[in-house]
Amino acid sequence: MELCTSFCDVDHINVFLILLSLAFMEKEHCKYCNFKSSAVSHLSENELNILESGCAQVNFKKGEIIFKQDALSSNIIYLKTGLAKLHMASKKRDQIIKIIKAPDFLRISTTFADRVNHYSSTAVEDSIACFIDINSFKEFILKNGEFAYEIIYSLSRGELDNFRRCVNRNQKQTVGRVADALIYFSEQISYNEEFDFPLSRNDLADLICTSRESVSRVLSEFDKDQIIELDNKKIKIKNKHLLEQIGNNG
DNA sequence: GCATTAACCACAG
DNA sequence: CTGTGGTTAATGC
């Protein structure tokens, strides 16, 4: 009997919480979203309503899979808040293709160019993603030139970035790639010279195409040489100039 | 040849 | 999940 009443109480509280969150979610209008992409900010009032009706927002905890390689893909995904990795499984090991920092599109190419995902995405930190109906997205591209322009612009930026990283990966040796990665995370992700490194050693290795052992070794070498200060995940860049030199010289 | 670089393996916190 | 040490293979001088 007592068990029952306590269950009922818990139930009531849960129902209340769900209703509360629904009430808040309903206020989640794309129109008033503070994380709009530059493309979406070119949409008209009417288009924003269309976007909203074909859009669902999902929360992801750190480590949760946002979408999976080889699965059917029918939504554009926009990463509203958080940090995610795009990674591709191969016979040998996972390779991290790219880190996406919100706000940014998380999945366009693999939804547009094929029916299934060519890569997976996993949340590196707690994140919120918006799943956007592919048909309304296509409609905006066909009807709204400024929207299309912004999408092409961001895809082009992504491609330039890919080319650059491809060349760097192939021509630099491990120390240079680690140095580049540290600078990248400092400048592009955390905007600080002292930061918590968001990836495990293994993930960093998968990102810069090396082994986790090499990552460990190079990091402790940098620490020993006073280039960085290393405390598990905490990293402080002490000699950025030298780090840049190492990055540039490979 | 010899040195350097880095992956792979194994093992220990 | 990390760090370290030994081993090995490839490459450059």
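In what follows, every heavy atom counts, from backbone to side chain, and hydrogens, waters and symmetry copies are set aside. Note on naming: letters A, B, ... go to the chains in the order of the sequence lines (proteins, then strands), and numbering restarts at 1 for each one.
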Interatomic distance, R217(A) CZ vs dG5(C) P [rounded to whole Å]:
9 Å
With hydrogens left out and only the distance checked, is there a donor-acceptor pair under 3.5 Å joining R212(A)'s side chain and the base of dG3(C)?
yes
Are Y184(A) and V124(A) connected in the hydrophobic side-chain network, where two residues link if heavy atoms are under 4.5 Å apart?
yes
Considering only heavy atoms and no angle criterion, is a donor-acceptor pair shorter than 3.5 Å present between the side chain of E213(A) and the base of dC8(B)?
no
N-O pairing of D161(A) and R164(A) below 4.0 Å
yes
Using OP1 and OP2 only, check whether a side-chain N or O of K172(A) sits under 4.0 Å from dA6(B).
no
Tell me: CG of N170(A) to C1' of dA6(B), nearest whole Å?
16 Å
Indicate, with yes or no, if I96(A) and L219(A) share a hydrophobic cluster defined by side-chain heavy-atom contacts under 4.5 Å among Ile, Leu, Val, Met, Phe, Trp and Tyr.
yes
Kindly say if S214(A) contacts the phosphate of dA6(B), meaning a side-chain N or O under 4.0 Å from OP1 or OP2.
no
Spacing between F197(A) atom CZ and dT2(C) atom C1', to the nearest angstrom:
14 Å
Between D206(A) (CG) and dT2(C) (P), how many Å, whole number?
12 Å
Could you check how far CG of N232(A) sits from P of dG13(B), rounded to whole Å?
17 Å
From NZ of K62(A) across to P of dC1(C) the rounded distance in Å is 11 Å
Contact under 4.0 Å: K233(A) side-chain N or O vs dC1(C) OP1/OP2:
no
Given atom CD of Q173(A) and atom P of dA10(C), what is their separation to the nearest angstrom?
18 Å
hydrophobic_cluster_shared for I228(A) and I189(A), side chain cutoff 4.5 Å
yes
Does a side-chain N or O from T174(A) land closer than 4.0 Å to OP1 or OP2 of dT5(B), or not?
no
Regarding the side chain of R201(A), the nearest nucleotide among dA6(B), dT2(C), dT4(C) is dT2(C)
Determine, for E45(A) against K31(A), whether the closest basic-nitrogen to carboxylate-oxygen distance falls under 4.0 angstrom.
yes
Interatomic distance where CG belongs to L230(A) and P belongs to dT2(C) [whole Å]:
11 Å
